[in-house]
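Heads up, the thing below is written out as structure tokens.
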Amino acid sequence: MAPKRSKRPGLLSKGRPPTANSTKHAALSSKATRTLIRSHHQLLKARTQASQAGDKARVCSIDAQIQANGGLESYQIASKLGQSLDRGGDSSKNLIDWIKPQLSQWKASLPKLRVLEVGALSTKNACSRTPALDVTRIDLNSQEPGILQQDFMERPLPASEDERFNLISLSLVLNYVPDATGRGDMLKRCVQFLTSESSIQFTPTLFLVLPLPCVNNSRYLTEERLLEIMASLGFRLVESRKTNKLIYQLWNHTGVSEPRSFKKEMLNPGHTRNNFAVILRGS
């Protein structure tokens, strides 16, 4: 029998449908925007399940539905509309508000804080307009110049401290990862990209935004379990805010981790709850 290979962290692009080409979009209402985003996530979840079951016909059928809805491009346009100023969007405003006290003391002589924005949709958000920040933007399907088309799970690991980041933004990214193990792998990978030390008095930080139902209406994830998972990776929650739809969190990385494994286990039973989960494999 051939020896088993160690399992690589899954790619964000794995299991994702192809993008639609040159799709024209009319202005979407807020309701239509929410419906499109919700439909895309439901189809993506069904596609992942079909792929895991080896049902190629079902995968092709779902791909056709996603293409008919405009593909990843349509989803991104809806997301950008949802983050537009006239709809109260741009999650990075919360990030800037939270770190503003530190930034207000910033001196021009100090190096800029290096920020990695995963799943970037715009080069004009609050994060990008802050002079003290040097923002590197990546996304699976770049929507404009200034955003590198790249899968975070394929980005080469830092070879030196200069290639690490003081701050990583995962705004509505973790929930797009198609499986629970991949979400845990993404959080572990963030640690590898954060600075291990700071000579400029800024603690390595992760900005995390999730749909609120991921933590308040899931069978397998609660806020308490998320705290446990993050603590095992060396993170400490310093800020948190909820709206009707989203939860925003700011996590400092202390550098002190206690590696643990977290399986998918029932925490919050109920037939109306969702199946969002994070599985953390031991080191």
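As the structure is a prediction and not an experimental result, all values here were calculated from the model. Heavy atoms only: backbone and side chains are in, while hydrogens, waters and symmetry mates are out.
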Is there a donor-acceptor pair closer than 3.5 Å between any side-chain N or O of [X] and the backbone N or O of [Y]?
X      : Y      : result
Ser232 : Ile229 : yes
Arg183 : Ala277 : yes
Arg273 : Pro269 : yes
Thr254 : Gly234 : yes
Arg189 : Phe152 : yes

Problem set entry | Leu167/Leu95 under side-chain contact (heavy atoms from CB on, under 4.5 Å): CA gap, chis, key distance, verdict | CA-CA 10 Å; Leu167 193 155; Leu95 169 61; 3.8 Å; yes
Taking atom types as modelled, find out whether [X] and [Y] have a side-chain donor-acceptor pair closer than 3.5 angstrom.
X      : Y      : answer
Asn268 : Thr222 : no
Asp90  : Ser92  : yes
Glu161 : Ser196 : yes
Thr136 : Glu117 : no
Asn125 : Ser128 : yes
Ser142 : Arg137 : no
Asn274 : Arg219 : no

Do [X] and [Y] have side chains that get closer than 4.5 Å, going by heavy atoms?
X      : Y      : value
Met230 : Leu187 : yes
Leu212 : Asn217 : no
Leu103 : Leu113 : yes
Ile168 : Phe193 : yes
Gln249 : Glu239 : no
Pro213 : Phe276 : no
Val118 : Ser169 : no
Ile138 : Leu116 : yes

Exercise. For atom CD of Gln149, is the number of surrounding heavy atoms from other residues, nucleotides or ligands below 6.0 Å larger than 12?
Worked result: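 Atom CD in Gln149 is packed in, count exceeds 12.
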[atom1]/[X] to [atom2]/[Y] distance, rounded to the nearest 0.5 angstrom?
X      : Y      : atom1 : atom2 : value
Ser218 : Asn275 : OG    : CG    : 7.0 Å
Leu170 : Cys190 : CG    : SG    : 4.0 Å
Ser122 : Asp139 : OG    : CG    : 11.5 Å
Leu210 : Lys245 : CG    : NZ    : 16.0 Å
Arg236 : Trp251 : CZ    : CH2   : 10.5 Å
Arg241 : Asp97  : CZ    : CG    : 8.5 Å

Problem set entry | Parallel, tilted or perpendicular, as decided by the 30° and 60° cut-offs, for the rings of Trp98 and Phe207 |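 The arrangement is perpendicular - the two ring planes meet at more than 60°.
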Exercise. When you check the gap from the basic side-chain N to the acidic O, do Arg114 and Glu163 get nearer than 4.0 Å?
Worked result: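 Salt bridge: no.
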Problem set entry | Test side-chain contact (heavy atoms from CB on, under 4.5 Å) applied to Glu223 and Lys242, step by step | CA-CA 12 Å; Glu223 287 186 69; Lys242 296 177 187 175; 2.5 Å; yes
For this session: Please step through side-chain contact (heavy atoms from CB on, under 4.5 Å) for the pair Asn166 and Leu133, ending with a clear verdict.
Result: CA-CA 10 Å; Asn166 304 103; Leu133 304 182; over 6 Å; no
